[in-house]
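Throughout, protein chains are lettered first and strands after them, A, B, ... in sequence-line order, and every chain is numbered starting at 1.
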4 protein chains.
Amino acid sequence: MAAGDTVITIVGNLVEDPELRFTPTGQAVARFRIASTPRFMDRQTNEWKDGESLFLTCNVWRQAAENAAESLQRGMRVIVQGRLKQRSYETKEGEKRTVYEVEVDEVGPSLRNATAKVNRTSRQGGGGGFGGGPADDPWASATPAPPAQGGGFGGGGGGFQGGGQQGGAQQGGGNDFSDEPPF
Amino acid sequence: MAAGDTVITIVGNLVEDPELRFTPTGQAVARFRIASTPRFMDRQTNEWKDGESLFLTCNVWRQAAENAAESLQRGMRVIVQGRLKQRSYETKEGEKRTVYEVEVDEVGPSLRNATAKVNRTSRQGGGGGFGGGPADDPWASATPAPPAQGGGFGGGGGGFQGGGQQGGAQQGGGNDFSDEPPF
Amino acid sequence: MAAGDTVITIVGNLVEDPELRFTPTGQAVARFRIASTPRFMDRQTNEWKDGESLFLTCNVWRQAAENAAESLQRGMRVIVQGRLKQRSYETKEGEKRTVYEVEVDEVGPSLRNATAKVNRTSRQGGGGGFGGGPADDPWASATPAPPAQGGGFGGGGGGFQGGGQQGGAQQGGGNDFSDEPPF
Amino acid sequence: MAAGDTVITIVGNLVEDPELRFTPTGQAVARFRIASTPRFMDRQTNEWKDGESLFLTCNVWRQAAENAAESLQRGMRVIVQGRLKQRSYETKEGEKRTVYEVEVDEVGPSLRNATAKVNRTSRQGGGGGFGGGPADDPWASATPAPPAQGGGFGGGGGGFQGGGQQGGAQQGGGNDFSDEPPF
DNA sequence: TTTT
DNA sequence: TTTT
């Protein structure tokens with residue numbers, strides 16, 4: 001990173017699937033656009049409301065580009081760290097325009113996504129598929145309430161539902177029950 | 001988030017598996033420790049060297065806690081956004097100590113991880129499983145392969161290799177071949 | 001900045017005057033400690049309350065170190081941008097301790113300080129001094145007064161009151177009257 | 001601050017003097033534009049070079065707005081912390097445009113400015129004025145001078161030279177002589 | 001142009 | 001105490 005770069009971290013949802021391309025030298029680049037929507041408490045109605053979204057185009061390079069194209073998808077919530085850049089160009093009509101983009105240093109799917117999971121090593125899961133069946137799913141444990149899954153998740157199957165009610169009022173959350181950290 | 005919170009974004013590797021606990025009210029909390037290791041170019045030898053690691057304990061709550069415990073693992077590279085906090089306590093010997101911790105707002109596995117992937121919706125993949133062994137891993141191929149592939153990815157297999165040569169010299173990278181973005 | 005450094009921006013008040021020292025080679029370093037106190041809206045009482053302070057030691061180098069020692073002072077609100085570092089050492093009793101410190105890249109007094117001002121060029125002010133007492137302080141006036149004024153600013157007066165009730169409820173604020181930006 | 005806001009810290013130089021306005025309700029707002037220019041080491045020539053500047057418009061409110069209008073000036077280096085926002089509007093020709101702006105939470109002059117200083121209390125300084133001309137400016141001296149000085153600081157003089165060679169190669173600096181912190 |  |  002160059003000294004004096006404007007570092008930015010954005011959390012938002014993909015507005016479209018990432019698009020993967022390759023430079024002439026074979027370098028992978030993925031580009032996607034995310035919408036970051038702040039939520040604020042309306043002090044009148046005591047309800048959470050959405051603020052205006054911030055849209056930003058992000059460019060990822062190399063291995064992460066390929067991974068992004070593979071594993072990210074419209075609707076998913078992601079965390080992006082990068083450097084804010086400005087690019088100037090001329091329209092066909094000869095007008096100067098300037099766009100802001102993020103040169104990505106790190107991206108990843110937010111674990112606040114419905115059931116975004118990454119694969120762990122094979123020692124993890126016995127069976128096929130992904131996620132593990134209910135049987136060996138530690139979340140299924142009776143105690144501290146499973147995050148809700150019926151038969152679900154079992155082998156051969158989808159899993160991730162982009163969308164869903166992720167963020168929600170819990171944003172910035174933490175300890176809404178004034179629980180003490182049990183550590 | 002409270003006004004005036006000290007927001008921090010950390011990228012680093014899990015030093016241990018996340019530990020999941022529940023508060024008396026049943027709230028999930030996961031805690032893990034990450035090591036963030038800067039790399040700098042040694043101008044003498046013209047080599048990349050590791051700087052001193054920064055270690056930080058992170059606390060995640062709720063759904064993300066459960067997801068973290070499920071999908072993160074020692075060695076993985078993660079992106080964490082949260083608020084830096086200081087906690088003071090007394091040792092048994094009556095000495096005051098203070099620790100710094102991060103109250104996590106967002107975490108996710110970095111897509112610079114070897115083959116960190118999250119599940120996409122079922123419309124995505126035809127077949128069964130997820131992950132796929134190194135042998136059929138399209139990312140392993142040097143040639144710019146298209147992200148979508150036919151049979152691929154099939155069943156029974158681990159997938160993620162924590163560790164590996166992730167970060168590497170490409171840190172902060174981007175466009176080392178002075179390629180133009182192909183967009 | 002090394003790649004992978006953990007960048008942090010902290011806003012807080014100096015807990016003590018900066019201390020200036022010089023390395024054997026004559027390099028200036030200033031060190032000071034700041035307290036960053038978040039404020040949150042207590043939803044029960046509908047009042048702003050202070051959260052737990054975060055204390056952090058900051059090291060500034062070179063010119064900025066000298067400027068800091070000269071112009072910063074206990075109580076002042078400052079903005080600090082730097083890299084979070086961990087330093088390990090042994091106590092005299094042989095115990096290992098670790099401290100977190102900020103290697104400062106940029107510091108400056110916050111313009112939310114009571115009357116923190118920096119000097120402008122001489123075309124600005126007619127007269128001698130700087131600061132001006134409360135009586136002739138245009139900022140004290142409720143009516144939107146023009147920033148530049150004739151005689152003003154004259155001589156022999158203190159000016160800055162470190163501490164005081166700066167931040168206040170306006171934190172993160174902006175547009176509390178739902179005014180439209182007049183631009 | 002709303003949850004989910006995209007926090008940004010920018011360091012750059014004012015491209016123009018701040019413009020101060022007031023909303024109908026009398027709320028002060030200052031607006032200015034800054035240029036943030038990264039520097040990178042050209043590994044071929046082993047020289048520091050300027051990267052492309054990032055330009056961003058910033059809006060400050062209230063007291064800080066008035067202070068900004070008073071104390072900031074074209075050319076000065078400032079630190080800005082705020083929230084990145086997007087504003088959409090239509091041109092007179094009916095075209096939709098979108099601009100990115102920063103809603104400022106904190107601003108201050110960088111202490112890496114040539115001689116940016118803020119006033120300290122009168123207990124500080126013996127004499128009259130503030131600022132001091134270049135001639136008697138202790139910061140101008142190359143030798144590590146003690147921060148406290150006798151008569152010092154005397155009257156009638158400009159002081160701040162906006163622009164100049166601020167940033168310089170020392171960006172991100174710290175400890176270029178591998179000096180140990182003398183603390 | 002748009003996500004949740 | 002420690003990750004890559």
Take the protein atom [atom1] of [X] and the nucleotide atom [atom2] of [N], then report the distance between them rounded to whole Å.
| X | N | atom1 | atom2 | value |
| --- | --- | --- | --- | --- |
| A/R74 | E/dT1 | CZ | P | 15 Å |
| A/M76 | E/dT4 | CE | C1' | 13 Å |
| B/D17 | F/dT1 | CG | C1' | 15 Å |
| A/R97 | E/dT1 | CZ | P | 11 Å |
| B/E52 | F/dT3 | CD | C1' | 14 Å |
| A/R39 | E/dT3 | CZ | C1' | 13 Å |
| A/N113 | E/dT3 | CG | C1' | 12 Å |
| A/L54 | E/dT2 | CG | P | 16 Å |

With stacking defined as ring centroids separated by under 5.5 Å and planes differing by under 30°, is A/F55 stacked against E/dT3?
->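 Not stacked: fails the 5.5 Å / 30° test.
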At what distance, to the nearest 0.5 angstrom, does CZ of A/R39 lie from CH2 of A/W48?
->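 A/R39 atom CZ to A/W48 atom CH2 measures 8.0 Å (nearest 0.5 Å).
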Among [options], the one nearest [X] by side-chain distance:
| X | options | answer |
| --- | --- | --- |
| B/V15 | E/dT3, F/dT2, E/dT4 | F/dT2 |
| A/N13 | E/dT2, E/dT4, F/dT2 | E/dT4 |
| B/R33 | E/dT3, F/dT1, E/dT4 | F/dT1 |

Can you tell me which residue pairs pass the ring pair (Phe, Tyr, Trp, His ring centres under 6.0 Å) test with a partner in residues 63-109 of chain A, sequence neighbours excluded?
->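 Only A/Y100-D/Y100 qualify under ring pair (Phe, Tyr, Trp, His ring centres under 6.0 Å).
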Looking at residues at least two apart in the chain, or sitting in another chain, which of them share a side-chain contact (heavy atoms from CB on, under 4.5 Å) with C/V102?
->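 Only C/I8, C/I10, C/L56, C/C58, C/V80, C/L84, C/V104 meet the side-chain contact (heavy atoms from CB on, under 4.5 Å) criterion with C/V102.
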Could you give me the CA-CA distance, side-chain angles and deciding distance for A/N46 and C/R43, then say whether side-chain hydrogen bond (donor to acceptor under 3.5 Å, both in side chains) is met?
-> CA-CA 10 Å; A/N46 235 299; C/R43 299 247 260 121; 2.4 Å; yes
